[in-house]
Engineer: 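First the structure, which I've put down as structure tokens, then a few questions once you've had a look.
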Amino acid sequence: MKRRSGFQIMARLIGLVKPLTGFMALAILMGLIGHLCAAFITICGGWAVLDVLGAHTPFSLTALLIAVIAMALLRGVLRYAEQACNHFIAFKLLALIRDKVFGALRRLAPAKLEGRDKGDLISAITSDIELLEVFYAHTISPAAIAVLFSLLMAVFIGSFHPALGLLAAAAYLTVGLMIPLIVSKRSGDAGLKFRTQAGELSGFVLESLRGLPEIQQYGQGTKRLAEMEQRTDNLSAVDAGMKRMTGTNQAVTNTVILAFDLAMLTASALLCHGGRVDFGGVLIPTLAMMSSFGPCVALANLGNTLQNTFAAGNRVLDILEEEPLVEEITGQPETAFSGAKAEHVSFSYGGEQVLSDVSVDLPEGQIVGIVGRSGSGKSTLLKLLMRFWQVQEGRIELSGRNIEQINTADLRRMESFMTQDTLLFHDSIRANLRIAKLDATDEEIEAACKKTSIHDFIMSLPQGYDTPVGELGDTLSGGERQRLGLARAFLHDAPFLLLDEPTSNLDSLNEAVILRSLKEEGQGRTVVLVSHRASTMRIADKVYSVEHGRMS
């Protein structure tokens with residue numbers, strides 16, 4: 001994880017506001033006028049007192065009363081409008097950020113996402129993005145409002161005497177800037193620690209739910225629960241420390257405000273005693289000071305909240321700024337499939353050699369088998385043919401062209417890839433199959449399922465093809481999921497079919513049906529058939545063996 005300063009995170013997040021600059025300016029203007037109304041209600045009260053006492057005031061008592069009523073009404077309207085505008089900006093930007101994050105994940109997948117903690121990733125794209133609402137709705141415009149409001153109030157108070165204006169400016173800087181910076185520095189990386197631990201806890205809970213049968217079977221429930229409680233306690237301890245810091249911050253802020261109020265009263269009284277200001281120069285500046293800390297207090301109270309928000313922003317920016325291992329290719333001439341081959345391909349995962357100087361010819365219209373022990377690199381070769389990973393040494397060609405010079409969209413159209421573990425979404429069987437071909441007719445879907453000997457089973461279900469499969473397809477057996485995965489591959493109707501252990505979960509009868517279908521479907525297609533079963537290889541025109549990353 002890249003560590004960024006609060007200012008770096010703030011600058012990147014503010015940069016996303018550009019499409020909504022007009023709305024942000026409107027929110028700032030309404031907030032500024034609203035806070036001025038709130039402050040001048042109290043100031044008008046002070047002028048009213050002076051008028052009753054017979055002192056000189058700039059307005060009559062009647063005018064002041066009308067002004068107070070008008071500002072009170074205007075304050076309510078502007079406060080509502082400011083908040084509505086801020087939240088409109090926040091929710092629009094959150095939608096924009098979600099779109100950018102999912103776009104980034106699409107670019108990073110699958111190479112950068114393999115092995116990544118899915119629970120932590122879910123936490124980043126849900127709760128972390130939600131936390132940014134605090135920044136967009138309650139930080140940007142309040143900060144701008146605080147700066148402009150403090151400047152105007154310092155000028156107003158300074159109109160009675162420059163020394164009082166400087167004192168007011170010092171008060172606003174202390175409460176609105178110095179205290180939040182000190183609190184932020186004292187908080188350290190507590191916010192980042194909290195968000196990281198929260199993500200890890202989410203991953204642990206998700207893993208525990210998915211592994212519940214194994215946990216129960218092997219009697220690990222007590223141990224797992226104890227670890228979950230320990231993680232929760234650690235997270236609670238970090239949260240409690242942040243809340244203590246928030247309480248301390250508020251206490252310090254209120255004490256400092258009281259001290260500056262007393263300082264303003266004392267300074268103006270001394271100036272009055274020296275004949276430099278009249279009684280109005282004591283009362284109005286003091287009331288103005290006491291009623292004008294609202295925007296600065298809002299900033300001061302954000303000290304700890306922003307730590308959490310910036311930590312969330314840091315995690316989101318990590319996703320947005322992460323460079324993909326494999327870039328999407330566009331702008332190349334369209335390619336039609338006419339065979340493929342790998343030449344002297346080598347590949348390593350994290351320094352561990354998986355494939356070493358592998359060459360394989362995959363002629364058009366042939367079924368090519370690849371056998372080998374688990375971990376020998378068979379699946380990795382298929383991923384390189386799909387360009388999920390980038391070849392480190394050697395080259396892969398499709399239709400006589402380097403795979404690095406073929407549009408990604410063309411590659412996905414020409415290839416159909418069935419993985420060892422078929423992923424099914426929490427949706428109907430029909431919707432899960434239609435992923436392979438969005439405009440597929442019901443007849444095409446049924447034809448694909450008949451080829452994989454799964455149609456009769458589907459029709460025996462109460463809702464047929466509209467039957468939900470449950471999360472991750474957990475309502476189906478491994479063999480049923482595998483046959484649905486193969487039906488997807490047939491439905492995609494690509495000329496280059498890559499099948500990774502397509503019959504590993506099937507009995508001999510179903511395997512024979514599917515191999516017959518593969519033989520029929522293989523006419524005119526290139527099929528790469530990866531398996532450790534000798535029986536699966538009997539339909540192959542040519543068989544390669546992979547041992548320790550080498551092809552023979």
Engineer: Side chains of E446 and L433: closer than 4.5 Å at any heavy-atom pair?
Structural biologist: no
Engineer: Begin with the C-alpha distance, continue with both residues' side-chain angles, and end with the deciding distance and a verdict on side chain to side chain contact (heavy atoms under 4.5 Å, CB included) for L382 and F388.
Structural biologist: CA-CA 9 Å; L382 295 190; F388 284 170; over 6 Å; no
Engineer: Do H455 and Y465 come within less than 4.5 Å of each other through their side chains, counting heavy atoms only?
Structural biologist: yes
Engineer: Which atom names give the shortest non-hydrogen contact between S141 and E82, and what distance separates them?
Structural biologist: OG-OE2, 4.2 Å
Engineer: Can you find a pair of side-chain heavy atoms, one from V297 and one from I257, that are under 4.5 Å apart?
Structural biologist: yes
Engineer: Less than 3.5 Å apart, any donor N or O on the side chain of N254 or Q250 sitting next to an acceptor on the other?
Structural biologist: no
Engineer: Indicate yes or no: does R412 engage E328 in a salt bridge with an N to O separation below 4.0 Å.
Structural biologist: no
Engineer: When you check the gap from the basic side-chain N to the acidic O, do R231 and E227 get nearer than 4.0 Å?
Structural biologist: yes
Engineer: With a 3.5 Å distance limit and no angle check, can you tell me whether E415 reaches the backbone of L498 through a side-chain donor-acceptor pair?
Structural biologist: no
Engineer: Report yes if some heavy atom in the side chain of K378 is under 4.5 Å from a heavy atom in the side chain of D500; otherwise report no.
Structural biologist: no
Engineer: Regarding D442 and R430, does a basic nitrogen lie under 4.0 Å from an acidic carboxylate oxygen?
Structural biologist: yes
Engineer: Walk me through whether R387 and E404 qualify under side chain to side chain contact (heavy atoms under 4.5 Å, CB included).
Structural biologist: CA-CA 8 Å; R387 201 172 170 269; E404 303 295 332; 3.1 Å; yes
